[in-house]
Amino acid sequence: MRAFDYHRPATLKEAASLLRKNENARALSGGQSLIPALKLRLAAPAALVDLGAIEELRGIKLDGAVLTVGAMVRHSEVATSRDVAIGIPALARLAEDIGDRQVRNMGTLGGALANNDPAADYPAAVLGLGATIHTNKRAIAADKFFLGLYETALKRGEIITSVAFPLPKRAAYAKFANPASRFALVGVFVSEGAGSVRVAVTGAAPCVFRAKDMEKKLAANFAPDVLAKVRVPPDGLNSDIHASAEYRAHLITVMAKRAVAAAVAGK
Amino acid sequence: MGITVSMTVNGQAVTAELDPRTLLVQFLREYRQLTGTHVGCDTGQCGACTVHLDGRAVKACNILAVQAQGAQILTIEGVAANSELHPMQAAFRDHHGLQCGFCTPGMVMNALELVRKHPDPSEETIRAGLDGNLCRCTGYHNIVKAVQAGAAAMKR
Ligand SMILES: Cc1cc2nc3c(=O)[nH]c(=O)nc-3n(C[C@H](O)[C@H](O)[C@H](O)COP(=O)(O)OP(=O)(O)OC[C@H]3O[C@@H](n4cnc5c(N)ncnc54)[C@H](O)[C@@H]3O)c2cc1C
Ligand code: FES
Ligand code: FES
């Protein structure tokens, strides 16, 4: 690691001002993605602003038709929260299946979204539920948030504060996990909500995306079989030692069908 | 540039002036001489460095010591009462849950949280729960047996 200054502010305001003032400062949440990057010197910020002491970024709230999850809420908290289990059980199950126990005990929702790893799980839920990402500056719709490989709409120094998930009528996530890392080789989140169906795919491409052809079919009939012949073309999908683009394209349909079946069965 | 860090390690209050780059595992092993917490991979993959931070199993190689400011840390050295092995440690010995023993401290620390959440874990629960811990020797079979026996012994 390159040397860095370390700050541990107690308020969001202080954190924002530290990030604004320090040209090359980075926020630190659970550190589960950032610390490995620091070790590899893929990231070498001049300062880290640890969000770990900021109360305002914690907490889960179920309020009418919206589930709000604070940016510093850990994966293990989402997995075991009663409010999440009542509001969006598919989200709890997704969180339960991120990485391993130790990673879930540190990693946070805000960190996972800001990082936007192409194989991360949460981006699929946020896009697949049409959630809204709140920052210290504004509210960003999921459709406008994930821009590309590790790229989001966040401006330099902008801090995610919480995410508001509208409650779906039904939803589910199906992941084909890389057996070593548990990251998604392909993961598909489907939801049926207020008059709309969403299908979000992670792991397959440089960035999470919506499979709109699948959404159209499911809007007419929310059943796994309608997807049997719908295929996302492999052009532009990831191809690596783990899976070819063709295989990932195949997996998208398989995972989407499984997700719809699980949503229909209420599992 | 040093940062003053205070935390409780195995019940003892400790304070140190640290370069913020110091990993929690480095702090425990090199500053506290608690070398029971192992470093297998230094990349967050193997779980050999697992300790409890405020009761949660975490990988100490993937955390900065400064992130543990004010926290309660429990390492493998703090698990046994006096000179008596903890029932989970005893179960690993009795069931041949270790060969070289390198992964064992991390396995035990993870297993302790697992059993707190699932006092009566099935084989499937144990295998899924220990997902973050790698063992190059045992083939896991006896580790699963040890955790099951340890869980039963902890109820007594
Ligand atoms: C062994 C292992 C296995 C894993 N497996 C999976 C998996 O199966 N699925 C999966 O989805 N993920 C997986 N992860 C990643 C894990 O979920 C991370 O915790 C997560 O991606 C990042 O969250 P964090 O809180 O640790 O963020 P950090 O590492 O602290 O930060 C990540 C990035 O986000 C920025 N950031 C953090 N918080 C904020 C904020 N509030 N506002 C703005 N920017 C912010 C930081 O500056 C940094 O650039 C795994 C990680 C490990 C080590
Ligand atoms: S040494 Fe920490 S996970 Fe391997
Ligand atoms: S006993 Fe040797 S690594 Fe597990």
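A note on names: the letters A, B, ... follow the listed sequences, proteins ahead of strands, and every chain is numbered from 1. We use all heavy atoms of the structure for the numbers below, so side chains are in, but hydrogens, waters and symmetry mates are not.
The two atoms that bring B:Pro20 and A:Tyr6 nearest to each other are CB-CB, 3.6 Å, heavy atoms only. The two residues A:Lys39 and B:Thr43 make their nearest non-hydrogen contact at NZ-N, 4.4 Å.
Evaluation of the ring-ring contact (aromatic ring centres under 6.0 Å, His included) test over residues 5-30 of chain B, restricted to residues two or more places apart or in two chains, returns B:Phe27-B:Tyr31.
Heavy-atom distances place no part of A:Ser33 under 4.5 Å from chain B, backbone and side chain included. With a 4.5 angstrom heavy-atom cutoff, A:Leu48 touches chain B only via side-chain atoms. Neither the backbone nor the side chain of A:Leu38 comes within contact range of chain B; no heavy atoms are under 4.5 Å apart.
One finds the CZ atom of A:Arg101 at 5.0 Å from the CD atom of B:Glu113 (value rounded to the nearest 0.5 Å). Atoms CD and CG, on B:Gln67 and A:Leu51 in that order, are 10.5 Å from each other to the nearest 0.5 Å.
Between chain B and the residues A:Arg2, A:Arg182, A:Arg74, the most heavy-atom pairs under 4.5 angstrom are made by A:Arg74. If you tally non-hydrogen atom pairs under 4.5 Å between each of A:Met106, A:Gln102, A:Arg104 and chain B, the highest count goes to A:Gln102.
Residue A:Arg258 places its CZ atom among 12 or fewer non-hydrogen atoms of other residues, nucleotides or ligands, all under 6.0 Å distant. More than 12 heavy atoms of other residues, nucleotides or ligands lie within 6.0 Å of CD in A:Glu151, so this atom counts as buried by the packing criterion. Residue B:His141 places its NE2 atom among 12 or fewer non-hydrogen atoms of other residues, nucleotides or ligands, all under 6.0 Å distant. Heavy atoms from other residues, nucleotides or ligands lying under 6.0 Å from NZ of B:Lys117 number more than 12.
Close approach to chain A, defined as a heavy atom under 4.5 Å from one of its heavy atoms, is seen in B:Gly129, B:Asp131, B:Gly132, B:Asn133 of residues 125-135 of chain B, taken by number. Residue-level contacts of residues 51-64 of chain B with chain A, in order of numbering, are B:Arg56, B:Ala57, B:Val58, B:Lys59, B:Cys61, B:Asn62, B:Ile63, B:Leu64; threshold 4.5 Å between heavy atoms. Interface residues of residues 77-112 of chain B toward chain A, defined by a heavy-atom distance below 4.5 Å and sorted by number: B:Asn110.
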